[in-house]
Amino acid sequence: MSNRLNVLKTCKLYIGGKFSRSESEHYFPALDKKQKPLANLCRASRKDLRNAVQAARKAQSDWSGRAAYNRGQILYRMAEMMEGRREQFIAELERAAVSRRRAENETDTAIDRLVHYAGWTDKYSALFSSVNPVASPHFNFSIPEPTGIVGIVAPDDYPLIGLISLIAPVIAGGNTCVVISSEKYGSIACTLAEVIHSSDVPGGVVNILTGFRADLIPHLATHMDVNAVLCAADDPEQKKNIQESAHLNVKRVHFYDGTNWMKEESQTPYYIMDVQEVKTTWHPVGI
Amino acid sequence: MSEKELTTRQSLRFDELWSYDPAPESPDYVKIKEQYQLFIDGKFQEPESGNYFDSVNPSNEEVLALFAEAGKKDVDKAVAAARKAHNGVWSKMPAKERGKYIYRIARLLQERAREFAIIESMDSGKPIRESRDIDIPQVIAHFFYHAGWADKLKYAFPGVDPKPLGVAGQIIPWNFPLLMAAWKIAPALATGNTVVIKPAETTPLSALKLAELIQDADLPPGVVNIVTGAGETGMEIVRHPDIDKIAFTGSTEVGKIIQKAMAGTDRKYTLELGGKAANIIFDDAPVNQAVEGIVNGIFFNQGHVCCAGSRLLVQEGIADELVQKLKMRMETLIVGDPLDKNTDIGAINSKVQLDRILGFLSESVESDQRIYQTKCDLPEKGYWCRPTLVENVSQSHRIVQEEVFGPVLTIQTFRTPAEAVSLTNNTPYGLSGGVWTDKGSKIFKVGKSIRAGVIWANTFNKFDPTSPFGGYKESGIGREGGIHGLSPYLELS
C-alpha cells in the first residue's frame, strides 16, 4: 500500500455544466495548512468569467421556470450526494484548513443546510407573497421572483459551509450564479462542483471559478448582465469596488462578511429574499 | 366620400362639437407666502447662506414663492435634529402612540385636501382633477395605511424582531410632489425612523405646506425635517455620514450617482428610478377599454410618470383599428389650465422638461419617424405639449429606449406573444408593464415573462398604499407600499 503512487486530481473550473481549464491556461498553487502544495488550481480569467455569466444566463429561464417542488428535489439530491462524499469533504477540509473535529462539524452542517434550503423552495413564496386589499375594484397580488444572475464572492474563513450558505438560498429561489471561490480553499469548491454536477442541477445554474479575487471582482462587478452580487469576502477595497461598479446597471449588492456561517441563525429565508424581486399584478374585478 | 369616412370627419371636429365652458377651481382661498424657510427641528429656519430660489407656476410662468436653499450646514442641522428626535423621543415612544401621530397627520390632510390639491396643481402643472381625485386622496390613504402598521410590525416579518434604522434621508421628484413625500415619510415614521426629506426644486410648495400641517399636528420636533434646494442639497443628504438610509425617487441617471456615492459606507438605500413600460395589446383585447388604458397609461399627469406606458405594442391584426380609435380618443383630450376641472392634460412641469421632450421629438423628425399630435389649442403662456404619437420607430431608436417623461407614446407592432415579451424586456428598465387580453392564461404567462415590478393587466397606472411598487433591473432597488415597503426601513435580525 505504501508503495503505491497516489493519483492526483486536476482541479478545473466549472462552467455551464462542464469542467474546463482556464482559457488563459494560467494556474496557481493551493497550499495545505502546513503551507505545502496541495493542488494546482486554474486561475480564471476575465474571459472565463464572461463565459460563466453567459452560461448562467442561458440556464436562467429554465431554472427559474422549474416547479419549486422540482428545485427542492434537486437541492435535496445535492445533500444526498454530499452525504455520500462526507468522508472526502472531511479529509479535504482537514488537510487544507481545519482540525478534524471542525472539519466534521462543518461538513455535517453544510449537508444539513442544503436540506434546510431544499425545504424552502416551495415555502418562501407563500410567506413573502401578499394579496393586497386595494381600495379600487381590482384583484392585486405580490409575489417574489428571482433577481436573475447572482455573482457570489465566497469567504475564506468557512471553506465549505460559507460556499453552501451562499449558493443554496440563491438557487433555491430560482436564480443562477457565478461563484468566485475562496483563493485559499479553491480545491474544496472544485469538489463541491463535482457534487453539483452529479446532483441533477442543470448545467449553468451554478458556475464555479477558482482564481484571484483581484482579477475577477472588477469584471464581475462591472458585468452588465449580472443582476446582483453577494460578497462574503472582507477586503474593504474589494467591497468598495463592488459597490462602485454596481451602479452601472443598478446591481443589488449584499455584504455578508463577518457572518458566522456555522450558526443555526445563519440560515433564514431572508437570504433567499435578498435576491428576489417582488412583482405586483393588478387586474380589474367585474363582469 | 363614404358614409363611414364622413362620420369620422364629423366626429373629429372637436372645435365645435366638444367645446366646454371654463370651469376653473378658484385659487383665492389658498394662502401662499412670499417666502418659505427650511423646516428643521419643528421650526421654520432661515438658510445659513441666506439664499433663496423661486418656484414657478408652469401654466403661466409666474413666480409662486421663494424657497430657502439648504446648504451643508443646514443639512447638518436637520440631520442632527432628526438624530436627536430619533434617540430621544421617536424610538422610545410606544409604537401605538407613534401610530396615532401618523393618523393625526392623515386626518388633518383630509380636512385640508382641497387646499393641497389646488397648490399642487399650481406648483406642478397637473390638472386639478388628478390632484383632487388621485394625488391628495392617495397621500391621505398612505398616511392612514402606514399609521396602522406602527404597532404591528412584529407580525409582518416572521422569525425576526424588526428595529428601525435611525435617520432616513429622502429625496423626491417633481412629478407627484406631495404623494412622493407621503410615500417616503409615512413608512419611515411608521417603522420608527425620523426623516430629513428634500422635495424637488421645481415643486417644493406642497411639502412646505405639509410642514405647517406637521406643526399643527404637534409632531415632536425633529421627527420630520424638510430641506429645500436643488441637486447639491440632495447630495449633501446622500453624503451625510450620520444618515442611516437613503430613499430616492427620480431618474435612473441620478440614482446611479447615488448608488455610487454609497460605496464604502454601510448605509442602506432604496432607489425608485425611471421606466420605459410597454403596454401590450393583444388582438383578443377589449379594444375600447384598451384605448382608455393606453390614454391613462401615457397621458396621465402629462406623462410625467416613471411607470407610464410609454411604448404601445399592438398585435398586427388590430393595429389599424386600435390606432385609429386611439387618435379619435386623443382628439377629445383638453390641454390647458391645470385649475380648470375640464382639463385632461395640464402644463409640462418646467421649461427644462419641455425642452427635453421637444428634443426627443425633433430627433424623431430627423430619423423619419412619423409624429402625430392632436389639434387642440394651447394657452399662450406656460409650458405645453400636445398628446403625441410617434410611429415608424424601431427598438434601437432613442425614443423607444429612453425615458421621455412627457405625453409621448411610441407605437410598435408584433405578431406573437414571444415577440411582444422580447420587445418589452429589451430596455434597461423594468418598472411596469401592461397586458391587454381577454384570455386569463395569457395574462399570467405574459405577466410572468415581463421583467418588471408592477404588471397592470387590463388596466394601467393604478396605485394603492397596500400595493408594493418598485422596479427590476435599472428601474431601482426595493419596494414602496404594502408589507414589502416596510422592510427597507427596518433592521431585520
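Computed over heavy atoms, backbone and side chain alike; hydrogens, waters and symmetry mates excluded. Naming: A, B, ... by sequence-line order, numbering from 1 per chain.
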Nearest 0.5 Å, what's the NE2-CD distance between A:H247 and B:E474? 9.5 Å
Is B:R267 atom CZ crowded by more than 12 heavy atoms from other residues, nucleotides or ligands, each under 6.0 Å away? yes
Looking at B:K268, I'd like to know if its NZ atom is crowded, meaning that more than 12 non-hydrogen atoms belonging to other residues, nucleotides or ligands lie closer than 6.0 Å. no
Between B:H484 and A:K279, is there a donor-acceptor pair closer than 3.5 Å when you use the side chain of the first and the backbone of the second? no
Looking at every non-hydrogen atom in both residues, tell me the closest pair between B:Q259 and A:V250 and how far apart they are. OE1-CA, 3.4 Å
B:I477 versus chain A, the contacting section by heavy-atom distance below 4.5 Å: both
B:T265, part contacting chain A, at a heavy-atom distance under 4.5 Å: backbone
Please find the pair of heavy atoms, one from B:S467 and one from A:V134, that lie closest to each other, and give the distance. CB-CG1, 4.0 Å
Using modelled atom types and a 3.5 Å cut-off, is there a donor and acceptor pairing between side-chain atoms of B:K256 and backbone atoms of A:L248? yes
Tell me, side chain or backbone of A:P284 under 4.5 Å from chain B's heavy atoms, or both, or neither? both
Do the side chains of B:K473 and A:E277 get nearer than 4.5 Å, heavy atoms only? no
With a 4.5 angstrom heavy-atom cut-off, could you sort out which part of B:I258 is near chain A: side chain, backbone, both or neither? neither
With only heavy atoms counted, which part of B:F463 is less than 4.5 Å from chain A, the side chain, the backbone, both or neither? backbone
Can you establish whether the number of heavy atoms outside B:K445 located under 6.0 Å from its atom NZ is more than 12? no
Can you confirm whether more than 12 heavy atoms, excluding those of B:D266, are under 6.0 Å from its CG atom? no
Neighbour count above 12 (heavy atom, 6.0 Å) for A:Y76 OH: no
If you measure from OH on B:Y269 to CD on A:Q243, what distance do you get to the nearest 0.5 Å? 5.5 Å
For chain B, the option from A:V278, A:N140, A:T281 that forms the most heavy-atom pairs under 4.5 Å: A:V278
Just by distance, do the side chain of B:K448 and the backbone of A:G65 share a donor-acceptor pair under 3.5 Å? no
Checked B:L271, B:N458, B:T252 vs chain A; the most non-hydrogen pairs under 4.5 Å come from B:N458
As an exercise: rank B:D464, B:L273, B:V160 by heavy-atom pairs under 4.5 Å with chain A and give me the winner. B:D464
Quick check on B:F444: does its CZ atom have over 12 non-hydrogen neighbours (other residues, nucleotides or ligands) under 6.0 Å away? no
Among the listed options A:E237, A:E265, A:K251, A:K239, the residue most often paired with chain B at heavy-atom distances under 4.5 Å: A:K251
Measuring from atom OG of A:S142 to atom CD1 of B:I455, what distance do you get when rounded to the nearest 0.5 angstrom? 11.5 Å
Could you tell me whether the side chain of A:T280 and the main chain of B:P468 form a donor-acceptor pair under 3.5 Å? yes
Which region of A:M224, side chain (C-beta onward) or backbone (N, CA, C, O), has a non-hydrogen atom less than 4.5 Å from a non-hydrogen atom of chain B, or is it both or neither? side chain
With a 4.5 angstrom heavy-atom cut-off, is it the side chain or the backbone of B:Y429 that approaches chain A, or both, or neither? neither
Side chain, backbone, both or neither: which part of B:A452 has a non-hydrogen atom closer than 4.5 Å to chain A? backbone
Please indicate whether B:K152 has more than 12 foreign heavy atoms, meaning atoms of other residues, nucleotides or ligands, lying under 6.0 Å from its NZ. yes
With a 4.5 angstrom heavy-atom cut-off, which part of B:P158 approaches chain A: side chain, backbone, both or neither? both
Please classify the contact between A:P146 and chain B as side chain, backbone, both or neither, with a heavy-atom cut-off of under 4.5 Å. backbone
A:F255 versus chain B, heavy atoms under 4.5 Å apart: side chain, backbone, both or neither? neither
Which answer fits A:T147, side chain, backbone, both or neither, if we ask what part of it has an atom under 4.5 Å from a heavy atom of chain B? backbone
In the structure I gave you, are the side-chain heavy atoms of A:H283 and B:I443 within less than 4.5 Å of one another anywhere? yes
Is the number of heavy atoms from other residues, nucleotides or ligands under 6.0 Å of A:Q54 CD greater than 12? no
